[in-house]
Amino acid sequence: MADKKTPQLDELQNGKWPSFVTEIKKAAVKNEASKELLHLLERSYEEKRGHWKHGGIVGVKGYGGGVIGRYSDLPEEYPHLQAFHTVRINAPSGWFYSTDSLRKICDIWERRGSGLMNLHGATGDAILLGTTTDQLQPIFDELSEEGFDLGGSGSDLRSPSCCVGPARCEHACYDTLEACYNITNTFQDELHRPMWPYKSKIKFSGCANDCTASIARSDCAVIGTWRDSLIIDPEEVKNYAASGMNIQHVCEGCPTEALKYNAETQELSVIADECSRCMHCINRMPKAITPGNDRGATILIGGKSTIVQSAFMGWVIVPFMKMEAESDYEEFKDIITRIWEWWDENGKTRERIGETIYRLGMSKFLTEVGLPAVPQMVYRPRANPYVFWPEDEIKK
Ligand code: HEM
Ligand code: HEM
Ligand code: SF4
Ligand code: SF4
C-alpha cells in the first residue's frame, strides 16, 4: 500500500487553506486504516464515485444510536477499511474544551481508531472517524470513564447544541450553555434510545443573530430575545457620532422604523412596541445599544432540510418564554415533551415534526399540544377562504 501514489489528493496540499490531505497523511504515518483511506479516496477522485456500502447497523450495549456503521465495498483491496465506523461524542456546550479533556479523547482514539476526527459534525458532536466493530464497546467504556457520552443518531433526539452565549457574547439573552447542558441531561433517554417517527433536533441561540443557524437546522429552535425596550446609552451614542459613524444610516436599516436619531442633539430613541428585535442596530452599535432587561427566548418549530416536503425554516410557536436555570427550564421541557408525544402519536414513519404539522395543520397541532394561536405565528393571514370549522363552534 505504502508505495501507492495519490497525485490528485496531493494537488489539494497546495494553496493557503489548511489541507485535509495533509491531516490524513499525518494520521497515515501511524495508522493503516488512515493510509488506506487516503488511497481509497484517491481512487474515488479518479472514478468519481464513493466506495462505501449502503448503510450499516452497529452500536454499544444499552443504546440505539450514537454510532454510524460503515463498510467499504472493496474489503479485499482495503482490508483495514472493511469496517470504518463513526462514533459521535456529545460535545461540551459551546465547544469549550480544556486541552486536558481533548488529550483524553485523542489518547483513546489513537489506540482504538484511525486517529482521524471531525471537529465538529454539523449537529455539534465531536466525531471520531473510523474504527472497527470490536472496538466500539471499549471506546465507549473508556470515554465514559473520562466523563464523555455518545451523541445521538437515528430516529432520536440528536445532540442539542448552542452558541457561545454569555461565555463570550454580550448579546446573549439567556444562558445558552446552561440551557443546552441541562436539557440534554434531562432527555438522555430520548437521545440514546430512538423512539420516534424520525430525528428531532434542538438548537439554542442567545439572540436573533442565530449563530447556531437554529432556525434552519433544528426542529425546535430556541432563540434569545427580550420583551421590554432595548437599552440605549446616550453617552456611547455620542461617542459613535464623534467617531464618524453615520447613525442615520443605522436607523434606515431598522425594518420597522422603530429607531429615530436626532442629528442635532445626537439623541437616539426607540419605540419599543414597534421594534421587532432584529439585532441590526445592536450589531452596528454594540457599545451603545443592548438587549432589554426582561429577557427570554422565542420558540420555533419545524426547521428541516429538503426531503420529503421541501426545506422548512422554523416558525414561531411561542413568541416569548423565560429561559432561566432557576426554574430548571420546566416550561420549555413541558412543551417540548407534549410536542414529541403528539408527533409520536400522529407522525408517519420518517416524517419530521414540521411535515406532520404541515399535513395536519397548525390549528390541530396547537389545540392538541395546548398552545394558544397568536398573530405572531403567521407572516400574514391566509388568502383563501377554505376555512375548517369544528362542528361544535357552529351555531345552527
Ligand atoms: C350573475 C352571475 C354569477 C353569480 C351571481 C355568481 C355567484 C357566485 C358566488 C356567490 C360564488 C361563491 C363565492 C364564495 O364561495 O365566496 C361563486 C363561485 C364561483 N363561481 Fe360564480 N357567479 C356567477 C357567474 C359565474 C359564471 C358565469 C361562472 C363560470 C363560467 C362562475 C364560476 C364560479 C366558480 C368557479 C366559483 C367557485 C370559486 C371558488 O370558490 O373557488 N360563476 N359564484
Ligand atoms: C384543467 C382544468 C381545471 C382545473 C385544474 C380545475 C381545478 C380546480 C380546483 C383546484 C378547484 C378547487 C377545489 C377545492 O379546493 O375544493 C376547482 C373548483 C371548481 N372548479 Fe375547476 N378546474 C378545472 C376546470 C374547470 C371547469 C372547466 C369548470 C367549469 C366549467 C370548473 C368549475 C369549477 C367550480 C364550479 C369549482 C368550485 C367547486 C366548489 O368549490 O365546490 N373547473 N377547480
Ligand atoms: S446567537 Fe447572539 S448571543 Fe449567540 S453568539 Fe451569536 S450574537 Fe452572541
Ligand atoms: S433591534 Fe432592529 S427592529 Fe429593533 S430598533 Fe434595532 S434595528 Fe429596529
Side-chain angles (χ1 to χ4, degrees), residues 93-94 96 160 162-183 202-212 214-215 220-241 243 245 247 250-251 253-262 265-300 314 316-336 371-372 374-377:
S93 280
F96 286 97
C162 61
C163 72
V164 294
R168 305 230 27 172
C169 181
E170 63 267 42
H171 299 332
C173 293
Y174 70 100
D175 190 339
T176 51
L177 307 150
E178 178 60 30
C180 183
Y181 180 66
N182 180 313
I183 289 160
I202 309 178
K203 289 200 184 336
F204 301 89
S205 281
C207 76
N209 286 330
D210 197 10
C211 293
T212 62
S214 66
I215 195 168
C220 181
V222 183
I223 300 182
T225 190
W226 62 97
R227 60 181 166 184
D228 51 351
S229 174
L230 50 71
I231 298 160
I232 297 170
D233 181 335
E235 284 311 307
E236 293 290 353
V237 173
K238 292 195 171 88
N239 288 341
Y240 274 116
S243 76
M245 178 181 253
I247 298 176
V250 176
C251 294
C254 174
T256 57
E257 298 176 12
L259 201 64
K260 301 277 179 246
Y261 182 59
N262 183 327
T265 60
Q266 295 190 337
E267 275 172 342
L268 189 65
S269 62
V270 65
I271 307 164
D273 286 351
E274 299 286 322
C275 165
S276 63
R277 283 84 175 156
C278 79
M279 296 299 294
H280 164 69
C281 61
I282 299 177
N283 291 336
R284 293 298 307 279
M285 305 170 72
K287 289 182 180 169
I289 315 179
T290 49
N293 290 318
D294 189 5
R295 299 175 178 193
T298 300
I299 316 295
L300 299 93
V316 173
I317 52 164
V318 181
F320 187 88
M321 182 187 282
K322 280 290 194 186
M323 289 295 288
E324 282 163 349
E326 297 80 68
S327 70
D328 201 32
Y329 309 101
E330 273 312 323
E331 195 181 352
F332 177 81
K333 289 175 190 174
D334 177 51
I335 188 64
I336 196 75
L371 284 171
V374 293
Q376 288 91 335
M377 290 174 178

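For reference, positions follow the sequence shown, starting with 1.
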Novice: Tell me yes or no: between the side chains of Thr298 and Thr225, is some donor less than 3.5 Å from an acceptor?
Specialist: no

Novice: Please report the interatomic distance CD1(Ile232) to SG(Cys281), rounded to the nearest 0.5 Å.
Specialist: 7.0 Å

Novice: What do the steps show when you test Phe204 against Ile183 for side-chain contact (heavy atoms from CB on, under 4.5 Å), and what is the final call?
Specialist: CA-CA 10 Å; Phe204 301 89; Ile183 289 160; 3.8 Å; yes

Novice: When you measure from the side chain of Asp210 to the backbone N and O of Ile215, does any donor-acceptor pair fall under 3.5 Å?
Specialist: yes

Novice: Using atom types as modelled and distance alone, determine if a side-chain donor or acceptor of Tyr174 lies under 3.5 Å from a backbone N or O of Gly165.
Specialist: no

Novice: Going by salt bridge (charged side-chain N to carboxylate O under 4.0 Å, His left out), name the residues that satisfy it together with Asp294, two or more places apart in sequence or in a different chain.
Specialist: Arg227, Lys322

Novice: Check salt bridge (charged side-chain N to carboxylate O under 4.0 Å, His left out) between Asp228 and all other residues, then give those that pass, not counting sequence neighbours.
Specialist: none

Novice: Please report the C-alpha distance between Tyr329 and Met321 in whole Å, then the side-chain angles of each, then the deciding distance to 0.1 Å, and finally whether the side-chain contact (heavy atoms from CB on, under 4.5 Å) criterion is met.
Specialist: CA-CA 10 Å; Tyr329 309 101; Met321 182 187 282; over 6 Å; no

Novice: Where is the tightest heavy-atom contact between Pro319 and Val374, given as atom of each residue plus distance?
Specialist: CG-CG2, 3.8 Å

Novice: With side-chain contact (heavy atoms from CB on, under 4.5 Å) as the criterion, how do Ile299 and Ile223 come out once you've worked through the C-alpha distance, each side chain's angles and the decisive distance to 0.1 Å?
Specialist: CA-CA 6 Å; Ile299 316 295; Ile223 300 182; over 6 Å; no

Novice: In Å, rounded to the nearest 0.5 Å, how long is the span from CD of Glu274 to NZ of Lys260?
Specialist: 8.5 Å

Novice: May I ask you to decide if Glu235's main-chain N or O and Asp233's side chain share a donor-acceptor pair within less than 3.5 Å?
Specialist: yes

Novice: Which value, rounded to the nearest 0.5 Å, describes the distance between Cys207 atom SG and His171 atom NE2?
Specialist: 6.0 Å

Novice: Side chains of Ile231 and Ile289: closer than 4.5 Å at any heavy-atom pair?
Specialist: no

Novice: Give a yes or no on this: more than 12 heavy atoms of other residues, nucleotides or ligands lie within 6.0 Å of atom CD of Glu257.
Specialist: no

Novice: I need the Asn262 CG to Glu267 CD distance, nearest 0.5 Å.
Specialist: 6.5 Å

Novice: Near Tyr181 OH, under 6.0 Å, is it more than 12 heavy atoms from other residues, nucleotides or ligands?
Specialist: no

Novice: Is the backbone N or O of Cys275 less than 3.5 Å from a side-chain atom of Arg277, with the two atoms forming a donor-acceptor pair by type?
Specialist: yes

Novice: To the nearest 0.5 Å, tell me how far Ile202 CD1 sits from Phe332 CZ.
Specialist: 4.5 Å

Novice: With sequence neighbours excluded, what pairs up with Lys333 under the salt bridge (charged side-chain N to carboxylate O under 4.0 Å, His left out) test?
Specialist: Asp328

Novice: Would you confirm whether Asn182, through its side chain, and Glu178, through its main-chain N or O, come within 3.5 Å as a donor-acceptor pair?
Specialist: no

Novice: Ignoring hydrogens and geometry, is there a side-chain-to-backbone donor-acceptor pair from Ser93 to Leu177 under 3.5 Å?
Specialist: yes

Novice: Would Asp334 and Glu331 count as a side-chain contact (heavy atoms from CB on, under 4.5 Å) if you check the C-alpha gap in whole Å, the side-chain angles of each, and the deciding distance to 0.1 Å?
Specialist: CA-CA 5 Å; Asp334 177 51; Glu331 195 181 352; 5.7 Å; no

Novice: Could you check whether any side-chain N or O of Ser229 sits under 3.5 Å from a backbone N or O of Ala272, counting only pairs where one atom can act as donor and the other as acceptor?
Specialist: no

Novice: Might you point out which heavy atoms bring Phe96 and Arg168 nearest each other, and give the distance in Å?
Specialist: CZ-CG, 3.8 Å

Novice: Between atom CG of Leu300 and atom SG of Cys220, what is the distance when rounded to the nearest 0.5 Å?
Specialist: 8.0 Å

